[in-house]
Visitor: 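Just passing along the structure, written as structure tokens.
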Amino acid sequence: MDINKQVNKLYDNMSQEERINQLRSAYMDDLFDENGCLDTTKCHELIPNGIGHFSQYASQKPLDANTLRDRVAAVQDWLIHNTPNGIPALFHEEVLSGVNAKDATIYPQQIGQACSFNPELAEVKTHQTSVDMRKMGGVLSLSPMVDVCRTPSFNRLEESYGEDGYLSAVMGTAFVKGLQQGDLRKGVGACSKHYLGYGGGGDADEKELMEEILLPHETMIRLAGSKALMPGYHAVSGTNCVANSKILTDILRNYLGFDGMVVSDYTAIDQLPDLKTPLDKAAAAINAGNDVDFPTGDNYKFLQQGLDKGIVKHDAFERAVKDVLRYKYRSGLFDKHPYLYGREYIKLDSKEERQTAYDIAKQSVVLLQNNGVLPLGNQKNVFVTGPNANSMWAMCGDYTFPSMTYFWKMNTEDLEHPHIVKLLEGMKDLKPEGMNISYSRGCDWTEKIETKLSQGGDERAWDYKILHRKVDSGEKANKAEALAMAKKADVIIAAMGENVMLCGENRDREGLRLPGKQEQYVEQLLATGKPVVLVLFGGRAQVISKIANRCAAIVQAWYPGEEGGHAVADILYGNVSPSAKLSVSYPNREIYKPICYNYSAEKDPRVEWPFGYGLSYTTFEYSNLKVTPEAKTSDKSITLSFEVKNTGDRDADEIAQLYLSPTTDSQHIRPIQLQGFARVSLKAGQTKTVRVKMYTEQFGYYTHTGERQWNIAPGTFTLKVGASSQDIRLQQNITLTGSVVEKKLRDYYFSESTVK
């Protein structure tokens, strides 16, 4: 029997109370007593007719993975044997940088990982995450975030893959493939969020919205089989996404053909404006296309009243329940022998997982500037200073377990699980023989509380106690001591930037310059006359234009995860040549509106370092571009090739980027648009050939004149190969001939590169 027939049969056999509960969620810990035992009285009281979901089940308390698994097992067993139809629940968790659970591997934050331009490694990461989480009973994730974030100040930019739709789509699709393992019965389901245009894209015109902002969601759904989606807190065309039928029904279901489950962001239904009652809000959301009410279903518990009054549409209600049941069938929860949790002893943060965290970190760190001081080696006395030099908060982005338990639970004790390698520790571990490393903090992140309320995220954070605090480093910052030590050093490593309270969901601060008095402290370090290597940690680009040109080197490390200290140290020492390229345009001034490299082929004067930019410890030469000069609009693909040579004396990786540009203003494509890339590993002096298969659909554009469609039109285009969006090394025209090809949707989205 196919899934839809099974779903229909089960639906018909369910009571109305059971159906409604499938659209609601609960917190697992509410069912356990103070001794950690399942309280069956509470189960009969709270979930007598079952429950669809359990919210963030692994991150509510700092529990061992085996304890979590045992709790999931107890709850699932109770549901199967004590509710009318014995329907198991979907346990979900955040997995942005690994499972959001105590002891789980903390991988680099997504904004840094995007700079690696390495989807293969992204897939390895989420496969590891998936294996761990499924053992612990997790079936669904609320990740990844694939918002195309073009506003530099956005407080959640760190969770995204940056400003480019193509790169975000490639990385997001890889995330899904690794996490789901090609089979929801053994993998963890991915959830595409925050649909559509959170972080600056919601106000885009329809063409940009459909061609670029939608792209990562579209490819996750159509190429990788993502079957869950979360609308954002924001509004599109004046209507909040969670109750927006245009994006949830017209675009998502009718145009993209999505047949999965739509879940609300936490408290998003509560925040619907101009609706007075929970019932009105529930009706607006479910009628528009939202299936599930997270985190606890406080609005959807009134659905029966809405059905009785005719406010809630019966077909919308039936769709929502069946979407949840279908997801559970796809996840194997109704199989004869379902994989609800592992039975073996669970040991998190394996050697292999730490290695992956390190590998991603070393490929995520961007070298922005270098006057030759890096790599370190000849300097005998190295002084390390700054608020992020000896802190775990330099490494942990939002939606890691330490950050979440610190921010939401306000827990400040015993957070370092697993061990997080700080920069100072990494530099000491890996320092060359004969080098002396000294340390003094020098300054704090801030002297006063800078965090301010940013409405629009999870309303549980709209709490004075949660937001009105700053991180205590546990160290004193003695500026006089630090400056005295700096004067005796050969080189200064200044670790600056943000922390868990200075960026992240609901967290904003004044401006994008370095927080507190960090910039003034760097000025004093520069005044010593010693070379200063500025190492920046945080979730977004920070405006450093007043000090940048006087620093000997600048390294953007983002939030590089548990092995970040070793990865950054290896780059500073030259054990690894930096290879990362910027996934965002790096501004030289405060910008609070969308910017993107593809708005113009000319350099934006507001941008210090462009999208795709990043330095190495060697140099690369591009040559011998060969492009198919002509193709038909009806052809499937074209081919091109070029050579990259390492012209320096160090082994290194280069990220070669392929861009597409129009040759006339009348063509309906961006002035410049990333359409492919290749990571090329080269020994000193070595040359390799990059071959690219580029699909003709990549030359196309979206229109909506009666019907939504994708068009491939004849014309002459320029293919550009470069080291960044502003460093084009090779280019050649190609002409497409024939008639306009019209399709409802693309079949091919990404070019395919091979390196030999």
Visitor: Hydrogens and angles aside, do S264 and N290 bring a side-chain donor and acceptor to less than 3.5 Å of each other?
Guide: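 No, N290 and S264 have no side-chain donor paired with an acceptor closer than 3.5 Å.
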
Visitor: Below 4.0 angstrom, N of the basic side chain to O of the carboxylate: do D291 and R319 qualify?
Guide: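 Salt bridge present between D291 and R319.
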
Visitor: Can the positive tip of R185 be found less than 6.0 Å from the middle of the six-membered ring of Y339, inside 45° of the ring normal?
Guide: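 Not flagged: R185 not positioned over aromatic ring of Y339.
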
Visitor: Any Lys/Arg nitrogen of R253 or D259 sitting under 4.0 Å from an Asp/Glu carboxylate oxygen of the other?
Guide: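 Salt bridge: no.
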
Visitor: Can you tell whether the side chains of R679 and E120 come within less than 4.0 Å, N to carboxylate O?
Guide: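 So R679 does not pair with E120 through a salt bridge.
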
Visitor: I'd like to know whether the aromatic ring centres of F750 and Y695 sit less than 6.0 Å apart in this structure.
Guide: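 Judged by ring-centre distance (under 6.0 Å), F750 and Y695 do not meet the cut-off.
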
Visitor: Strictly by ring pair (Phe, Tyr, Trp, His ring centres under 6.0 Å), give each pair with a member in residues 237-263 just once, sequence neighbours left out.
Guide: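 Residue pairs with at least one partner in residues 237-263: there are none.
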
Visitor: Taking only residues two or more places apart in sequence or in another chain, which ones pass side-chain contact (heavy atoms from CB on, under 4.5 Å) with D205?
Guide: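 For D205, the residues satisfying side-chain contact (heavy atoms from CB on, under 4.5 Å) (neighbours in sequence not counted) are K207, E208.
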
Visitor: Compare every heavy atom of S55 with every heavy atom of H92, then report the nearest pair and how far apart it is.
Guide: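 Here H92 and S55 meet closest at NE2-CA, 3.3 Å.
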
Visitor: To the nearest 0.5 Å, what is the distance between OH (Y559) and CD1 (I111)?
Guide: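 One finds 12.0 Å between OH of Y559 and CD1 of I111.
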
Visitor: Are any of the side-chain nitrogens in E212 or R150 under 4.0 Å away from the carboxylate oxygens of its partner?
Guide: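 Salt bridge flag = yes for R150 with E212.
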
Visitor: How would you list, by chain and number, every residue that makes a side-chain hydrogen bond (donor to acceptor under 3.5 Å, both in side chains) with K693, sequence neighbours excluded?
Guide: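 Result, side-chain hydrogen bond (donor to acceptor under 3.5 Å, both in side chains) vs K693: none returned.
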
Visitor: Does the ring of F154 carry K593 above it, NZ/CZ under 6.0 angstrom from centre and within 45° of its axis?
Guide: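 No, cation not above the ring by the 6.0 Å, 45° rule.
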
